Amino acid sequence: MKRALITGITGQDGPYLAEFLLSKGYKVYGTVRRLSTPNLENISRIREQVDLLSADLLDTTSLTEAIKEAQPDEVYNLAAMSFVKASFEQPVLTGEFTALGVTRLLEAIRAVNKKIKFYQASSSEMFGKVTETPQKETTRFHPRSPYGVAKVYGHYITLNYRESYDMFAVSGILFNHESPRRGIEFVTRKISNSVVRIHLGKQDKLILGDLSPKRDWGFAGDYVEAMWLMLQQEKPDDYVIGTGENHSVKEFVELAFKCVGITDWQNYVISNHPKHMRPAEVDYLIADYSKAKKVLGWEPKTTFKELVEMMVKSDLQKEKKGK
Ligand code: NDP
Ligand code: GDP
């Protein structure tokens with residue numbers, strides 16, 4: 001039985017990856033950081049099937065102990081401070097988690113067992129102010145936020161451990177991916193949740209920032225398979241994962257309102273609100289995932305329309321249940 005350790009198992013991607021690995025027969029461990037109130041909602045469905053270990057990206061000893069305990073064949077580093085807006089407010093802490101946290105984890109692996117395969121969750125935010133369209137593995141990085149900068153560090157330290165210590169360390173450059181488990185502060189989930197609440201008469205307005213940025217939005221459930229595939233290859237390498245299609249925030253808003261039968265969405269939306277504007281914006285992201293398609297045989301399965309519908313439907317059920 002193969003063993004996997006997932007950092008960030010309580011986030012959006014962690015539970016999808018855990019479910020996927022369990023379906024492949026893996027023994028799955030996940031790390032959680034100590035909080036005064038545990039945040040296990042996203043893993044409630046699989047809580048009994050995974051083993052949770054206490055570890056924090058700020059603390060190498062805890063990471064080393066978790067690796068000793070789990071004895072994994074594969075480590076998936078999904079833990080990070082992942083919200084771009086917050087990274088402008090807490091740039092130093094973002095660097096500690098999202099950048100140096102990767103080195104702490106790689107050092108822990110190197111100390112315990114250098115043969116453990118390592119997946120680093122890199123991000124399309126590294127492309128930032130894009131120098132080429134669509135973006136692929138060789139596109140130059142130009143991050144536009146402390147989060148993007150920290151992810152560039154995480155990306156290169158992963159590459160460096162591969163080259164320096166001959167470790168099987170890969171980096172998946174994933175474009176935005178969403179789901180009903182997405183954190184409420186990210187724009188897609190904020191929209192789906194607010195649209196449903198407006199539809200049910202629980203909220204008057206949806207207050208947003210810039211509606212013009214375009215993202216290549218995919219479904220998180222499709223993307224975790226690509227993470228796993230990267231670790232099953234003969235050689236470690238880096239891959240871009242996305243859909244090859246992009247849409248503006250405005251298109252997401254329009255479609256979400258349409259899902260609940262509202263066509264005059266402009267009457268409910270306030271845009272360009274200063275609270276939700278960023279000091280530097282990423283305007284246009286779109287993936288060229290042809291390498292992943294060719295080498296991994298991976299392709300996205302869920303369309304943009306299906307994704308929006310899935311998120312609105314899920315929020316409608318949750319709001320009706322009063323959750
Ligand atoms: P989430 O923000 O939903 O989850 C982040 C996870 O990291 C949570 O489980 C969180 O735990 C954990 N975490 C945060 N800080 C620490 C810490 N100091 N020590 C230990 N754990 C910590 O992210 P996603 O699931 O959406 O994304 C997974 C990874 O992929 C992240 O690294 C993200 O940056 C990256 N990524 C995501 C993309 C996306 O569109 N979703 C796109 C590209 C990359 P807690 O519950 O305690 O807060
Ligand atoms: P990001 O791509 O990782 O920054 O993911 P987000 O979901 O946080 O943001 C996607 C895009 O939506 C960015 O270009 C934001 O500037 C834009 N946006 C517009 N209004 C909002 C808002 O109210 N909240 C968030 N999170 N993003 C917004």
Side-chain angles (χ1 to χ4, degrees), residues 1-32 39-53 55 66-67 70-80 82 105 109 116-124 158 168-183 186 188-189 216-234 236-243 287 289 291-293 295-303 306-307 310-311 313-314:
M1 187 190 252
K2 272 202 185 177
R3 302 160 77 90
L5 176 70
I6 303 172
T7 71
I9 197 163
T10 56
Q12 171 188 249
D13 293 1
Y16 284 109
L17 179 61
E19 284 163 13
F20 177 81
L21 295 174
L22 286 168
S23 78
K24 292 264 171 209
Y26 276 68
K27 170 127 183 84
V28 177
Y29 291 84
T31 66
V32 288
N39 155 33
L40 303 176
E41 193 195 328
N42 276 352
I43 53 165
S44 56
R45 273 210 303 177
I46 49 163
R47 178 62 199 87
E48 299 307 317
Q49 292 155 269
V50 297
D51 280 39
L52 299 182
L53 302 168
I67 291 164
Q71 295 181 31
D73 301 288
E74 298 168 4
V75 170
Y76 295 86
N77 182 33
L78 307 187
S82 74
L105 188 53
I109 292 173
I116 295 169
K117 292 183 174 180
F118 177 77
Y119 173 87
Q120 165 61 12
S122 285
S123 163
S124 55
T158 301
F168 195 110
V170 309
S171 167
I173 308 174
L174 271 53
F175 281 61
N176 295 53
H177 46 280
E178 320 294 313
S179 73
R181 292 172 182 157
R182 185 62 142 152
F186 292 89
T188 55
R189 183 74 201 293
D216 180 329
W217 276 301
F219 172 48
D222 293 348
Y223 286 29
V224 296
E225 184 184 9
M227 299 176 186
W228 175 76
L229 282 168
M230 287 178 214
L231 293 191
Q232 313 314 310
Q233 303 306 303
E234 286 271 298
D237 204 351
D238 308 322
Y239 298 89
V240 156
I241 299 296
T243 71
Y289 68 91
K291 182 177 167 187
K293 186 175 174 186
V295 182
L296 307 176
W298 180 88
E299 276 196 273
K301 298 188 182 88
T302 312
T303 65
E306 286 165 349
L307 176 66
M310 178 201 309
M311 292 179 71
K313 198 172 156 199
S314 162

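Bear in mind that the values here come from a model prediction, so they are computed numbers and not experimental data.
Taking a cutoff of 4.0 Å between a charged side-chain nitrogen and a carboxylate oxygen, D51 and K27 qualify as a salt bridge. Note on E19 versus R47: no salt bridge recorded, every NZ/NE/NH1/NH2 to OD/OE distance being 4.0 Å or above. Note on K291 versus D237: salt bridge recorded, some NZ/NE/NH1/NH2 to OD/OE distance being below 4.0 Å. Ionic pairing of K301 and E225 is present here: one or more N-O contacts between side-chain nitrogen and carboxylate oxygen are shorter than 4.0 angstrom.
Donor-acceptor pairing under 3.5 Å is lacking for the side chains of N42 and T10. With hydrogens and angles left out, the side-chain atoms of T188 and E178 include a donor and acceptor closer than 3.5 Å. Between H177 and D222, the side chains place no donor N or O within less than 3.5 Å of an acceptor N or O (distance only, hydrogens not considered). Side chains of Y76 and E74: a donor on one and an acceptor on the other come within 3.5 Å.
The CG atom of N77 lies 5.0 Å from the CD atom of Q120; values are rounded to the nearest 0.5 Å. Separation of atoms CG (L174) and OH (Y239) is listed at 13.5 Å; rounding is to 0.5 Å. F168 contributes atom CZ, which lies 12.5 Å from atom CZ of F118 (distance to the nearest 0.5 angstrom).
Closest heavy-atom contact between T243 and P300: CA-CG, 3.9 Å. Listed here is the closest heavy atom pair of V75 and P72: CG2-CG, 3.7 Å. T31 and I9 get closest at one heavy-atom pair: O-CG2, 3.7 Å. Across every non-hydrogen atom of A4 and Y26, the tightest pair is CB-CD2, 3.7 Å. Here the shortest heavy-atom pairing between L5 and G30 reads CD1-N, 4.2 Å. For the residue pair S179 and M311, the shortest heavy atom distance occurs at O-CE, 3.4 Å.
Geometrically, R181 engages Y16 in a cation-pi contact, judged by NZ or CZ lying under 6.0 Å from the ring centre and within 45° of the ring axis. Geometric assessment of K293 against the ring of W298 yields a negative cation-pi assignment under the 6.0 Å and 45° thresholds. The side-chain tip of R189 does not point at the ring of F186 from less than 6.0 angstrom away and within 45° of straight on.
The shortest distance between side-chain heavy atoms of V295 and Q233 falls below 4.5 Å. Looking at I6 and D13, their side chains never come closer than 4.5 Å, going by heavy atoms from C-beta outward.
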